[in-house]
2 protein chains.
Amino acid sequence: MIKVGIVEDNVKIRDLIQKYLDMQDNLSCKAAMDSVEDMLEYMEKNDPPDVMLMDIQLPGMSGIEGISIIKEKYPEVEIIMLTVYHDSHKIFNSLMAGASGYLLKHTSLPEIKESIETLASGGAPMSPQIARKVIQHFSDKQQVKKPESNLTPREQDIVNGLVDGLSYKLIADRYDISIDTVRAHIRNIYKKLHVNSKAEVIAKSLKGEI
Amino acid sequence: MIKVGIVEDNVKIRDLIQKYLDMQDNLSCKAAMDSVEDMLEYMEKNDPPDVMLMDIQLPGMSGIEGISIIKEKYPEVEIIMLTVYHDSHKIFNSLMAGASGYLLKHTSLPEIKESIETLASGGAPMSPQIARKVIQHFSDKQQVKKPESNLTPREQDIVNGLVDGLSYKLIADRYDISIDTVRAHIRNIYKKLHVNSKAEVIAKSLKGEI
DNA sequence: GAACAAATCACATAATCATGTTAGATACAT
DNA sequence: ATGTATCTAACATGATTATGTGATTTGTTC
């Protein structure tokens with residue numbers, strides 16, 4: 001019987017996964033918390049789980065910090081990240097912190113179950129897209145073209161400016177165009193990405209969704 | 001229709017895989033050679049495959065050498081290693097040479113088929129044991145840089161709101177506090193992180209620097 | 001119980017952003 | 001040559017953000 005723990009702040013997702021896993025013959029899932037802090041408290045008083053599913057974006061401590069702390073105190077616990085983020089920073093930071101697997105949130109319940117079993121038998125579960133990012137890290141940074149960004153080269157420039165935290169004025173300076181042109185590009189970017197704030201563009205970009 | 005090629009010197013295995021794959025609706029497997037040299041000759045005269053299954057131990061040139069040569073000449077060909085070797089050197093050398101996947105030879109025919117499809121849709125097929133080795137390669141690295149931002153739990157909540165693309169007003173609603181309180185927290189966050197815009201906070205957060 | 005961090009709220013103002021409308025110059029494809 | 005896409009630019013206005021200066025409450029720590 002494999003003991004599974006969950007750290008996930010979305011109650012609906014957490015409950016769904018917990019119920020599904022606990023229903024399985026070979027799994028038991030009693031510990032489902034919404035923060036690393038709560039999980040640490042739980043593990044003080046109870047048997048630590050064998051495998052832990054962990055979100056990244058959490059109230060309080062982030063899931064990545066959580067990995068380090070949990071692995072330091074309970075090195076035998078295997079941690080699978082279960083998150084929407086597929087940007088390289090988060091992936092590599094997670095793996096370097098000691099995660100043993102990395103799944104995207106669209107992973108189905110049966111696949112999550114399989115992943116836990118894979119982990120228990122010495123493998124490392126990873127969503128194919130994640131594996132791809134990891135592998136790309138090895139291949140001589142041969143920049144493979146990103147999948148269809150829809151954005152024109154100039155629009156991509158503007159996005160890069162936003163990601164660097166620049167104001168419209170500074171972006172205009174960087175590319176030597178007028179601030180109104182920057183506005184115009186940003187309008188078009190918003191339309192293409194279906195967003196309406198700098199914040200969302202930056203988030204999408206850093207999550208690898210552009 | 002995905003065109004698949006095979007380089008494998010064991011005739012029985014090669015024929016088995018070829019027949020199985022060629023039988024599939026969405027795959028065609030015409031090129032099955034027993035050496036990289038033969039495959040290169042084939043590709044001179046015919047359309048190169050989209051995906052290639054490659055053994056390592058081969059007569060003549062090794063599969064790993066083969067990757068480099070094939071990728072240089074036909075960079076769009078995706079190569080999956082299919083081999084009995086699971087030692088780190090062979091794995092990493094293959095990936096560094098440009099392989100997009102790595103399967104062990106006990107992989108079943110349906111799994112091989114799935115792997116080809118995974119690859120075609122932008123993922124990277126890897127046997128779980130291989131994934132494990134690859135991941136271990138990361139955790140052996142240095143520790144994750146400690147984000148010493150030292151945000152309070154509430155401040156982290158606010159950051160999460162920003163990352164989700166919310167306005168001050170919506171963050172205030174989410175946590176049931178006044179918009180001026182949100183402002184106050186954000187002021188403090190900016191001071192701690194040495195930034196002065198939402199954009200920078202979001203970028204830092206998504207880059208794992210918080 | 002003084003000192004301090006954390007969380008809460010208010011008022012004010014300047015800067016920046018989001019969005020609507022309009023339009024000229026290239027370039028490329030049908 | 002006509003349409004479509006891209007890059008450029010201006011003007012305008014309401015919304016949102018950034019920043020300054022305060023203040024109260026609730027815990028914790030020394």
Side-chain angles (χ1 to χ4, degrees), chain A residues 9 34-38 40-41 58-62 65 145-206 209-210, chain B residues 147-206 209-210:
Chain A
D9 62 334
D34 76 344
S35 72
V36 174
E37 288 85 346
D38 287 354
L40 284 168
E41 202 186 314
L58 291 168
M61 188 188 303
S62 87
E65 287 178 82
K145 59 186 174 285
K146 285 191 137 183
E148 308 294 334
S149 121
N150 289 341
L151 296 187
T152 68
R154 199 48 148 181
E155 286 166 353
Q156 189 60 59
D157 288 341
I158 306 287
V159 169
N160 291 340
L162 292 179
V163 170
D164 290 341
L166 305 181
S167 67
Y168 290 6
K169 167 113 190 59
L170 289 175
I171 293 175
D173 288 350
R174 176 188 282 191
Y175 298 112
D176 204 26
I177 55 180
S178 111
I179 192 170
D180 276 308
T181 302
V182 175
R183 279 191 227 279
H185 284 304
I186 285 187
R187 239 191 303 263
N188 292 330
I189 292 167
Y190 285 5
K191 196 175 290 179
K192 285 186 183 175
L193 301 184
H194 306 293
V195 300
N196 57 342
S197 72
K198 283 169 67 170
E200 290 168 278
V201 174
I202 293 168
K204 266 191 189 290
S205 175
L206 287 172
E209 293 171 17
I210 297 183
Chain B
E148 54 194 280
S149 49
N150 211 12
L151 297 188
T152 67
R154 199 48 148 182
E155 286 166 353
Q156 187 59 57
D157 289 341
I158 305 288
V159 170
N160 291 345
L162 292 178
V163 170
D164 289 342
L166 304 181
S167 66
Y168 289 7
K169 167 118 192 52
L170 288 176
I171 293 175
D173 288 351
R174 174 187 282 193
Y175 298 111
D176 205 26
I177 56 180
S178 109
I179 193 170
D180 276 307
T181 302
V182 176
R183 281 190 227 278
H185 284 305
I186 286 187
R187 236 192 305 264
N188 292 329
I189 292 166
Y190 285 6
K191 196 175 288 178
K192 286 186 182 174
L193 301 183
H194 306 294
V195 302
N196 57 342
S197 72
K198 279 170 67 167
E200 291 169 277
V201 174
I202 293 167
K204 265 191 190 287
S205 174
L206 288 172
E209 292 171 16
I210 297 182

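Chain identifiers are assigned alphabetically (A, B, ...) following the order of the sequence lines, protein sequences preceding nucleic acid strands; residue numbering begins at 1 within each chain. Every value quoted in this text rests on a predicted model; they were computed, and no experiment measured them. What's counted below: heavy atoms across the whole structure, side chains too, no hydrogens, waters or symmetry copies.
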*Do B:V201 and B:I186 touch side chain to side chain, with heavy atoms closer than 4.5 Å?*
no
*Between D:dT19, C:dC17, D:dT8, spot the one nearest the side chain of A:Y168, thanks.*
C:dC17
*Name the closest nucleotide to the B:I177 side chain, picking from C:dT19, C:dC9, D:dT8.*
C:dC9
*Nearest-angstrom distance from the residue atom CD1 of B:I189 to P of C:dA6*: 12 Å
*asked:* For B:L151 and B:K192: C-alpha separation, side-chain torsions, deciding distance, then whether side-chain contact (heavy atoms from CB on, under 4.5 Å) applies.
replied: CA-CA 8 Å; B:L151 297 188; B:K192 286 186 182 174; 3.7 Å; yes
*Can you tell me if the side-chain N/O atoms of B:N188 get under 4.0 Å from OP1 or OP2 in C:dA6?*
no
*Within less than 4.0 Å of OP1 or OP2 of C:dT19, is there a side-chain N or O belonging to A:Y190?*
no
*Just one of B:D164, B:I158, B:D157, B:V182 clears the side chain to side chain contact (heavy atoms under 4.5 Å, CB included) bar with B:R174, so which one?*
B:D164
*Between C:dA6 atom P and B:D157 atom CG, what is the distance in whole Å?*
14 Å
*May I ask you to evaluate whether B:T152 reaches the phosphate of C:dA7, defined as a side-chain N or O under 4.0 Å from OP1 or OP2?*
yes
_Spacing of B:I158 atom CD1 relative to C:dA6 atom P, expressed in whole Å_ = 14 Å
*What's the closest nucleotide to the A:P153 side chain, out of C:dA6, D:dT19, D:dC7?*
D:dC7
*B:E200 CD to D:dA18 C1': how many Å, rounded?*
12 Å
*asked:* Are the side chains of A:R154 and A:I177 in contact, using a 4.5 Å heavy-atom criterion?
replied: yes
*Length of the CD-C1' vector between A:Q156 and D:dC7, whole Å*: 16 Å
_Under 4.0 Å, counting only non-hydrogen atoms across every strand here, what does B:K198 touch: a base, just sugar-phosphate, or nothing?_
sugar-phosphate
*Have a look at A:D180 and say if it touches a base, only the backbone sugar-phosphate, or nothing, with a 4.0 Å heavy-atom cut-off.*
base
_Output the rounded distance in Å from CD1 (A:I171) to C1' (C:dA18)._
14 Å
*Picking from D:dG20, C:dA18, C:dT8, which would you name as closest to the side chain of A:R183?*
C:dA18
*asked:* Both B:V195 and B:A184 contact DNA chain D. Taking the nearest nucleotide for each, which residue is further toward the 5' end?
replied: B:V195
*asked:* Given D:dA18, D:dA10, C:dA18, identify the nucleotide with an atom nearest to the side chain of A:N196.
replied: C:dA18
*Phosphate contact (D:dA10 OP1 or OP2) by A:T181 side-chain N/O below 4.0 Å*: no
*Nearest-nucleotide pick for A:H185, side chain only, options being C:dT8, D:dT8, C:dC9*: D:dT8
*In whole angstrom, what separates A:L162's CG from D:dT17's P?*
15 Å
*Do A:V195 and A:K204 come within less than 4.5 Å of each other through their side chains, counting heavy atoms only?*
yes
*asked:* Just the rounded figure in Å: distance from P of C:dC17 to CD1 of A:I202.
replied: 10 Å
*Write down the atom of B:A199, the atom of A:K198, and the distance for their closest heavy-atom approach.*
CB-CE, 4.1 Å
*Starting at the 5' end of DNA chain C and moving along, which residue's nearest nucleotide shows up first, A:K169 or A:R187?*
A:K169
